[in-house]
Amino acid sequence: MYRKKECVAMLLAGGQGSRLYVLTKNVAKPAVPFGGKYRIIDFPLSNCINSGIDTVGVLTQYEPHVLNAYIGSGQTWDLDRLRGGVSVLPPYQRGKASEWYKGTANAIYQNIPFIADYDPEYVLILSGDHIYKMDYNKMLRQHKETGADATIAVLDVPLSEASRFGIMNCRPDGTIYEFEEKPKEPKSTLASMGIYIFSWKKLRKYLEEDEANSKSSNDFGKDIIPAMLANGEKMVSYRFEGYWKDVGTIESLWEANMDLLSPNSGLNLSDDSWKIYGRTTGSPPHFTAKGAKVQHTLLSEGCEIAGNVSESVLFSDVKVAKNANVEYSILMPGAVVEEGANVRYAIVASGAVIAKGASIGAGPSECDVDKWGVAVVAENVRIGENVKLAAKEMADEDIPDAE
């Protein structure tokens with residue numbers, strides 16, 4: 001069957017997310033819950049279908065089972081298509097050889113047959129662990145208009161933060177003449193967002209050459225892009241000016257969730273013109289008991305609130321008991337806060353239990369600057385009665401009741 005598509009998206013979703021520590025012990029980073037009812041991967045998948053891109057390969061590797069089950073047939077994002085749709089692409093055995101994805105470029109190389117099956121003119125490369133809304137079709141339009149071999153999305157960042165990113169140095173017309181990976185003294189503030197559009201024939205050539213190079217690290221930022229620049233290929237930047245956050249650390253994940261509570265953050269999930277789609281749980285409506293106090297908080301279906309909750313994001317089926325207090329925190333699906341417990345500036349993962357009288361986290365004003373950070377409780381962990389977990393501490397296993 002002839003299935004030509006103008007543009008195919010390849011979504012890199014196999015990252016371990018080691019900087020999220022206990023939150024990614026059993027799940028890949030793109031599958032981490034976000035925003036009360038979503039997972040991180042909902043954002044790039046929703047961006048694809050909203051941009052008119054209906055053929056998406058999702059490249060999984062680390063702890064893929066939750067992510068695979070969540071994506072399913074792709075119906076949630078209108079990606080259950082006879083021609084195209086969403087396809088989960090784990091590493092697989094080819095001939096007698098079998099290997100994990102060695103890098104971002106190698107991951108795409110191993111899936112050349114999948115891309116070639118659609119004979120596209122262009123390939124869009126995405127990361128599965130960023131929170132943002134973006135019309136990829138506008139970027140594709142610029143790619144075609146400029147006759148670029150590669151177009152790289154960039155975001156203008158403060159000079160003080162530029163050394164954390166891959167920096168694109170550009171001419172006034174937006175063409176890229178140099179790429180610097182995390183430079184100590186950056187020449188510009190245009191940071192790569194890890195979003196690329198390539199003309200497919202050109203990209204395939206470089207992927208095959210890169211794979212044949214035994215000294216390559218098989219990475220787009222370290223190998224493919226520098227090679228294309230060195231050979232004089234036309235590389236053009238695409239400036240993005242909306243909300244974008246890499247949620248690869250505990251602090252950035254917490255901050256992005258808190259941004260949902262700020263009307264001026266630029267992250268608006270109530271915009272009907274650009275919806276973010278996610279799978280629903282089928283839980284009943286949330287319930288707030290008499291005497292409970294809920295302020296400036298996102299509540300999802302199935303929540304039962306009898307205590308006090310403020311400035312927080314609560315996922316489905318969370319329970320907060322009488323006289324319990326939750327502030328500036330993220331409670332993931334099925335988390336329980338028992339009577340008299342206090343949760344502040346914390347992330348409590350799915351199914352975790354904070355027992356009676358326990359205290360989790362602390363406010364920034366209560367700690368030295370270098371000691372403050374978000375407290376984290378891992379999935380299905382029980383924090384015993386009257387136990388105290390300080391700011392920046394993480395619980396990866398059950399903690400028995402205090403003496």
Side-chain angles (χ1 to χ4, degrees), residues 23 32-40 42-43 131 243 245 247 250-272 275-276 278-366 372-377 379 383 389 391:
L23 297 180
V32 170
F34 178 83
K37 63 171 291 185
Y38 305 99
R39 293 182 187 266
I40 296 170
D42 286 330
F43 287 78
I131 301 298
Y243 182 97
K245 188 178 283 287
V247 287
I250 293 294
E251 287 72 21
S252 63
L253 178 65
W254 179 82
E255 289 169 0
N257 275 274
M258 292 298 107
D259 284 343
L260 291 170
L261 303 175
S262 172
N264 300 317
S265 70
L267 182 57
N268 177 16
L269 299 184
S270 300
D271 181 6
D272 288 337
K275 288 187 176 181
I276 301 300
R279 293 181 65 173
T280 60
T281 63
S283 298
H286 69 261
F287 173 76
T288 304
K290 185 176 181 180
K293 188 176 182 181
V294 179
Q295 292 183 317
H296 204 224
T297 290
L298 289 180
L299 290 179
S300 298
E301 62 270 25
C303 288
E304 296 179 12
I305 311 300
N308 305 311
V309 182
S310 65
E311 308 294 338
S312 296
V313 176
L314 274 55
F315 285 76
S316 61
D317 303 310
V318 166
K319 293 179 173 59
V320 179
K322 186 177 180 180
N323 296 323
N325 297 287
V326 177
E327 297 178 281
Y328 294 96
S329 294
I330 303 161
L331 273 56
M332 292 181 177
V336 176
V337 182
E338 294 184 350
E339 187 170 351
N342 291 284
V343 178
R344 305 175 62 217
Y345 295 89
I347 299 176
V348 180
S350 303
V353 176
I354 313 302
K356 293 181 180 180
S359 177
I360 308 298
S365 62
E366 301 168 49
W372 182 80
V374 179
V376 182
V377 179
E379 186 177 15
I383 305 300
L389 194 71

Identify the heavy atoms of [X] and [Y] that sit nearest to each other, and give their distance.
| X | Y | answer |
| --- | --- | --- |
| Ala324 | Glu338 | CB-O, 3.4 Å |
| Ser329 | Tyr345 | OG-N, 3.2 Å |
| Lys245 | Ser252 | CD-O, 3.4 Å |
| Val32 | Met332 | CG1-CE, 4.1 Å |
| Ile330 | Leu253 | CD1-O, 4.2 Å |
| Ala256 | Leu267 | O-CD2, 3.8 Å |

Taking only distance into account, with no hydrogens and no angle test, what donor-acceptor pairs under 3.5 Å do side-chain atoms of residues 347-361 form with protein atoms, sequence neighbours excluded?
none

* In this structure, are over 12 heavy atoms from other groups packed under 6.0 Å from Tyr328 atom OH? -> no
Output the distance between atom [atom1] ([X]) and atom [atom2] ([Y]), rounded to the nearest 0.5 Å.
| X | Y | atom1 | atom2 | value |
| --- | --- | --- | --- | --- |
| Leu269 | Asp42 | CG | CG | 10.5 Å |
| Glu327 | Gln295 | CD | CD | 9.5 Å |
| Lys319 | Leu331 | NZ | CG | 12.0 Å |
| Phe34 | Arg39 | CZ | CZ | 13.5 Å |
| Asn257 | Glu311 | CG | CD | 13.5 Å |

* To do: Ignoring hydrogens and angles, state whether a donor on the side chain of Asn268 or Tyr243 is under 3.5 Å from an acceptor on the partner side chain.
  => no
* Pairwise side-chain contact, Val313 with Thr297, heavy-atom cut-off 4.5 Å (strictly under) -> no
Please tabulate, for the side chains in residues 299-309, all donor-acceptor contacts under 3.5 angstrom to protein atoms that are two or more places apart in sequence or on a different chain.
{"from": "Ser300", "atom 1": "OG", "to": "Gly36", "atom 2": "O", "distance (Å)": "2.6"}
{"from": "Ser300", "atom 1": "OG", "to": "Leu314", "atom 2": "O", "distance (Å)": "3.0"}
{"from": "Glu301", "atom 1": "OE2", "to": "Thr281", "atom 2": "OG1", "distance (Å)": "3.1"}
{"from": "Asn308", "atom 1": "ND2", "to": "Asn325", "atom 2": "OD1", "distance (Å)": "3.0"}

* Might you work through the side chain to side chain contact (heavy atoms under 4.5 Å, CB included) test for Val337 and Val326, ending with a clear yes or no? => CA-CA 8 Å; Val337 182; Val326 177; 4.2 Å; yes
* Show your working on side chain to side chain contact (heavy atoms under 4.5 Å, CB included) between Leu298 and Leu260 and close with a plain yes or no. => CA-CA 8 Å; Leu298 289 180; Leu260 291 170; 3.9 Å; yes
* **Expected output: side-chain Ser265 to main-chain Ser262 donor-acceptor under 3.5 Å** =>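 At least one qualifying donor-acceptor pair exists.
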* Asked: Is the backbone of Ala362 close enough, under 3.5 Å, to the side chain of Trp372 for a donor and an acceptor to pair up by distance?
  -> yes
